[in-house]
**Q** 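Before anything else, here's the structure in question.
Owing to the predicted nature of the structure, the values given are computational and were not obtained by experimental measurement.
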Amino acid sequence: MKMTMKKAACAFMLISVLVAAAAGVRAKEPFTIGDMFRLRQVSSPAISPGGRYVAYVVTEPADTLKGQRTGNPDIWVIDLEDRDHPRPFAFSCSRETSPAWTADEQFLFFLSDRGEEKKTQVWRIAVSGGEAEQVTSLEGGAAAFVLSPDGVWIAVTSGRGLSAEEKKDLEDGRDWKVAGEDRTIHRLWIVDADTGEATPVTPEEFHVSSASWSPGGDELAIITADASGSNETYFNSRLELLDISDHGITLVTENARGNPSWSNDGKRIAFIYRQRSEGMTLPAGVVAVINADGSGLKLLGERHEGTLVNPVWMPEDDKLLVIHLK
């Protein structure tokens with residue numbers, strides 16, 4: 001996040017404007033039921049490293065008359081110096097989500113279920129134009145990904161492949177989830193961004209919820225749990241470090257969740273700490289900072305009215321940018 005506060009604020013205001021524009025709300029006219037079915041959602045803004053461009057996801061509502069079960073998200077890009085002309089950038093009849101820029105702004109990576117198998121994988125498209133190309137071919141697909149700082153590697157969380165019975169259920173429309181059942185365990189893979197060669201780097205038996213590259217690209221901060229059920233991931237997840245060279249895993253702290261964020265000097269990690277208090281049924285989530293070696297845990301905003309989430313370091317490493325939920 002190495003940009004001026006002015007650029008970050010402009011990008012935030014831009015996305016706010018895009019949300020209103022995508023909704024198609026007409027000034028001085030009442031909002032109707034029909035408008036609800038025409039709403040387009042804007043999400044996942046990704047600011048280019050140079051701060052000039054923003055990639056974001058626009059989701060068209062599902063057309064149930066055509067048998068569509070979910071909306072159709074596409075990736076758009078806008079030039080902050082020409083903000084009147086946003087344009088679709090990665091789009092198809094399939095889903096395109098989770099845009100991420102390479103540090104040199106040569107490629108935009110994203111998730112899509114395009115292709116013959118209709119399985120979500122990591123794709124990339126040259127910013128200069130051309131056709132998108134598939135990067136990963138994981139049997140369990142790609143649930144989420146993060147690019148290494150140099151753009152050479154991709155850390156991808158992937159589930160196991162579907163059984164024949166599960167595939168038949170999906171084909172027949174039985175895609176519901178049962179509360180309390182374990183979700184698919186997501187294993188972490190390191191993928192070569194050019195060749196797509198993938199290597200699993202975490203054991204099969206525990207679940208990885210999120211991952212974040214260290215500024216030097218030699219470690220990953222990961223949130224893990226021993227199972228993928230909602231109770232396990234909420235009550236018993238932890239923050240660990242994965243060494244890229246030998247795939248060794250070191251515990252940093254228990255009671256961690258969310259998306260870990262490295263300070264720009266690579267010395268500290270911000271995350272959400274589960275604070276357990278006597279008399280509370282559920283542990284409260286508190287923004288926390290800890291040294292990468294596991295020392296110096298600090299809880300921030302414990303007495304703040306409201307909930308603080310998604311901490312991200314500012315460029316000077318002296319402040320955190322957080323989202324405030326009332």
**Q** Could you walk me through whether Trp213 and Ile244 satisfy the side chain to side chain contact (heavy atoms under 4.5 Å, CB included) test, starting with their C-alpha distance in whole Å, then the side-chain angles of each, then the deciding distance to 0.1 Å, before giving a yes or no?
**A** CA-CA 10 Å; Trp213 288 93; Ile244 298 303; 3.7 Å; yes
**Q** Is it the case that the side chain of Ser148 and the backbone of Gly217 share a donor-acceptor pair, with hydrogens and angles ignored and the cut-off at 3.5 Å?
**A** no
**Q** Please work out which of the three classes, parallel, tilted or perpendicular, describes the rings of Phe110 and Trp123, given edges at 30° and 60°.
**A**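 The arrangement is parallel - the two ring planes meet at less than 30°.
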**Q** Could you check whether any side-chain N or O of Thr136 sits under 3.5 Å from a backbone N or O of Val122, counting only pairs where one atom can act as donor and the other as acceptor?
**A** yes
**Q** Are the side chain of Asn264 and the backbone N or O of Asp317 linked by a donor-acceptor pair below 3.5 Å?
**A** no
**Q** Is Asp113 reaching over with its side chain to a backbone N or O of Arg95, donor-acceptor style, under 3.5 angstrom?
**A** yes
**Q** Spell out, as yes or no, whether a donor-acceptor pair under 3.5 Å connects the side chain of Arg274 to the backbone of Ala256.
**A** yes
**Q** For the backbone of Ile78 and the side chain of Arg83, can you confirm whether one donor and one acceptor N or O come within less than 3.5 Å of each other?
**A**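 Side chain of Arg83 to backbone of Ile78: no pair is present.
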**Q** Quick one: does Trp101's side chain have a donor or acceptor within less than 3.5 Å of a partner on Pro49's backbone?
**A**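 The answer is no, because no donor-acceptor pair under 3.5 Å joins these two groups.
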**Q** Would you give the length of the straight line joining atom OG of Ser212 to atom CD1 of Ile222, rounded to the nearest 0.5 angstrom?
**A**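 The distance works out to 11.5 Å.
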**Q** To the nearest 0.5 angstrom, please state how far the OG1 atom of Thr224 sits from the CG atom of Leu188.
**A**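 Reported value, rounded in 0.5 Å steps: 10.5 Å.
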**Q** CG/Leu239 to CD1/Ile272 distance, rounded to the nearest 0.5 angstrom?
**A** 12.0 Å
**Q** Quick check: does any side chain N or O of Thr120 sit under 3.5 Å from a backbone N or O of Ser112, one acting as donor and the other as acceptor?
**A** no
**Q** Hey, is the main chain of Gly258 close enough, under 3.5 Å, to the side chain of Ser210 for a donor-acceptor pair?
**A**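 Between the backbone of Gly258 and the side chain of Ser210 there is a qualifying donor-acceptor contact (under 3.5 Å).
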**Q** Salt bridge between Arg124 and Asp194, side-chain N to carboxylate O under 4.0 Å?
**A**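 Salt bridge: yes.
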**Q** Could you tell me the separation between the NZ atom of Lys267 and the OG atom of Ser214, rounded to the nearest 0.5 Å?
**A** 14.0 Å
**Q** Hey, are Glu96 and Arg114 close enough for a salt bridge, meaning a charged N less than 4.0 Å from a carboxylate O?
**A**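 Salt bridge flag = yes for Arg114 with Glu96.
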**Q** Would you call Arg40 and Glu60 a salt bridge, taking side-chain N to carboxylate O under 4.0 Å as the test?
**A**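 Yes.
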**Q** Any chance you could lay out the side chain to side chain contact (heavy atoms under 4.5 Å, CB included) test for Asp226 and Arg238, step after step, and finish with the verdict?
**A** CA-CA 10 Å; Asp226 291 330; Arg238 55 196 175 258; 3.0 Å; yes
**Q** Apply side chain to side chain contact (heavy atoms under 4.5 Å, CB included) to Glu240 and Val252, showing your working.
**A** CA-CA 5 Å; Glu240 301 190 276; Val252 179; 5.5 Å; no
**Q** Please give me the minimum heavy-atom distance between Ile290 and Ser295, naming the atom from each residue.
**A** CG1-O, 3.4 Å
**Q** Start with the C-alpha gap between Ile249 and Phe206, add the side-chain angles, then the distance that decides, and say whether side chain to side chain contact (heavy atoms under 4.5 Å, CB included) holds.
**A** CA-CA 12 Å; Ile249 298 175; Phe206 75 83; 3.7 Å; yes
